[in-house]
**Student:** 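Pasting in a structure now, in structure tokens, and then I'll have a few things to ask.
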Amino acid sequence: MKLKYLSTCLFLLLLLTETLSSCKEFIEPSISKRTVKLNAPVDNYQSTSYGVTFWWDGVEDALSYRLQIVSPKFDSIGSLVLDTLIHSTKFLQTLDPGTYQWRVRAENGSTQTGYTDPRNLTILASSLTNQTPVLSSPANNAATTQSTVIFKWGSLYKATRYHLQIDTNNFADESVLVKDQLTPAQQFSFQLPRDQVYQWRIRAENDSSQSKWSVINQLSYDSTPPGTVTLVQPQDNTILSKPVTLSWNKTNSAASYKLYVYKNDQSTLYSSTFPLSLTATSYSFNLGNSGERIYWQVSALDAIGNEGKTSELRSFTLQ
């Protein structure tokens with residue numbers, strides 16, 4: 001009897017543990033009593049590099065981190081340099097020569113930690129030749145379906161212009177670049193000529209010196225949609241009982257499919273569920289009433305969102 005009682009208690013304890021674990025997936029934990037640990041730069045750090053990497057430890061259950069930078073101090077703010085949400089624990093920022101303070105707090109959807117104690121940072125004036133520009137967007141390894149791209153980067157102290165280069169061969173031969181452009185701005189709009197993988201970089205310049213080249217960011221441009229989906233079952237104008245399995249053939253270069261289901265007028269979507277994104281090549285349709293005629297078709301999407309032409313439009317009637 002005692003053994004049976006212990007077994008029951010153990011079962012209930014395991015059930016409670018599993019329930020609490022499941023609840024955590026739906027109830028966001030509070031992080032208000034947790035703290036952020038700063039790693040770099042250390043307090044009172046002085047640097048001749050205008051690009052500074054701010055780094056801290058992650059906080060459990062945090063979704064993002066708010067980084068604030070002011071000049072000269074938080075108790076006597078002359079300018080708010082940066083106030084941004086970051087989803088990682090490192091952030092590279094370019095600063096002009098001067099004195100700064102910075103701090104971080106962790107956040108999730110409903111709570112936040114307190115800010116860390118401010119750290120002091122001094123950026124010392126230095127030659128432009130010792131500096132490296134920071135690229136903003138597109139991010140490295142980004143992919144786009146749009147031919148027109150706006151390249152952006154951070155400013156560098158004492159720079160009067162920026163040298164943008166775009167290539168498809170990793171700058172192996174600078175005499176045959178896709179684009180080689182000087183601009184006084186910190187951004188440049190360019191139309192990519194064809195579907196391809198591109199590389200881009202920036203150098204800051206003035207009349208007497210130039211910076212190092214930035215890191216090289218890669219950008220993939222793909223505007224070619226997948227082919228048209230071929231429907232399999234059910235055949236057009238059939239009478240079927242629920243549930244009705246809708247199926248189609250796999251399409252080359254498709255990463256997912258979009259299923260469109262319409263009412264009898266062939267244009268009104270059957271419900272707010274549709275169009276429905278699927279990775280499978282079939283779907284079990286279990287809605288509707290007897291005698292109702294339903295139309296459907298499918299399109300394919302590639303990994304970056306290009307959508308191919310929709311398939312033929314078929315219909316079936318519910319038995």
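For the single chain, residues carry numbers from 1 onward in sequence order.
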**Student:** Could you check whether atom CD of E174 has more than 12 heavy atoms from other residues, nucleotides or ligands sitting under 6.0 Å from it?
**Tutor:** yes
**Student:** Mark yes or no for whether R119, through its side chain, and P41, through its backbone, hold a donor-acceptor pair below 3.5 Å.
**Tutor:** yes
**Student:** So, using salt bridge (Lys or Arg N to Asp or Glu O under 4.0 Å) as the criterion, who are the partners of R34 when residues are at least two apart?
**Tutor:** D61
**Student:** With distance as the sole test, does E28 use its side chain to make a donor-acceptor pair with the main-chain N or O of S110 at under 3.5 Å?
**Tutor:** yes
**Student:** Please confirm whether Y257 and Y283 have ring centers closer than 6.0 angstrom.
**Tutor:** no
**Student:** Is there a donor-acceptor pair closer than 3.5 Å between any side-chain N or O of T94 and the backbone N or O of Y50?
**Tutor:** no
**Student:** Give a yes or no on this: more than 12 heavy atoms of other residues, nucleotides or ligands lie within 6.0 Å of atom CG of D83.
**Tutor:** yes
**Student:** Please confirm whether the backbone N or O of S315 pairs with a side-chain atom of D236, one donor and one acceptor, at under 3.5 Å?
**Tutor:** yes
**Student:** Is there a path of hydrophobic side-chain contacts, each under 4.5 Å between heavy atoms of I/L/V/M/F/W/Y residues, joining L92 to I86?
**Tutor:** no
**Student:** Looking at K242 and G288, would you say the former's side chain and the latter's main chain have a donor-acceptor pair under 3.5 Å?
**Tutor:** yes
**Student:** Mark yes or no for whether Q131, through its side chain, and T48, through its backbone, hold a donor-acceptor pair below 3.5 Å.
**Tutor:** yes
**Student:** Which label fits Y270 and F285: parallel for a plane angle under 30°, tilted from 30 to 60°, or perpendicular past 60°?
**Tutor:** perpendicular
**Student:** Are there more than 12 heavy atoms of other residues, nucleotides or ligands under 6.0 Å from atom CH2 of W213?
**Tutor:** yes
**Student:** Count the heavy atoms of every other residue, nucleotide or ligand shown that sit under 6.0 Å from OH of Y157, and state whether that count exceeds 12.
**Tutor:** no
**Student:** May I ask you to decide if A106's main-chain N or O and T113's side chain share a donor-acceptor pair within less than 3.5 Å?
**Tutor:** yes
**Student:** I'd like to know if D207 pairs up with R161 as an ion pair, taking the criterion as any Lys NZ or Arg NE/NH1/NH2 lying under 4.0 Å from an Asp or Glu carboxylate oxygen.
**Tutor:** yes
**Student:** Which ILVMFWY residues can you reach from F171 by hopping between side chains whose heavy atoms are under 4.5 Å apart?
**Tutor:** L177, I216
**Student:** When you measure from the side chain of S211 to the backbone of A204, do you find a donor-acceptor pair of N or O atoms at a distance under 3.5 Å?
**Tutor:** yes
**Student:** Which residues end up grouped with F74 if you chain together Ile, Leu, Val, Met, Phe, Trp and Tyr wherever their side-chain heavy atoms are less than 4.5 Å apart?
**Tutor:** V70, I77, L80
**Student:** When you measure from the side chain of N306 to the backbone N and O of T145, does any donor-acceptor pair fall under 3.5 Å?
**Tutor:** no
**Student:** Examine distances only and state if a side-chain atom of N169 and a backbone atom of A172 form a donor-acceptor pair shorter than 3.5 Å.
**Tutor:** no
**Student:** Near I304 CD1, under 6.0 Å, is it more than 12 heavy atoms from other residues, nucleotides or ligands?
**Tutor:** yes
**Student:** Would you check, one step at a time, whether the test side chain to side chain donor-acceptor pair (under 3.5 Å) holds for Q218 with N140?
**Tutor:** CA-CA 5 Å; Q218 186 163 281; N140 192 28; over 6 Å; no
**Student:** What residue among F54, F91, Y65 forms ring pair (Phe, Tyr, Trp, His ring centres under 6.0 Å) with W102?
**Tutor:** F54
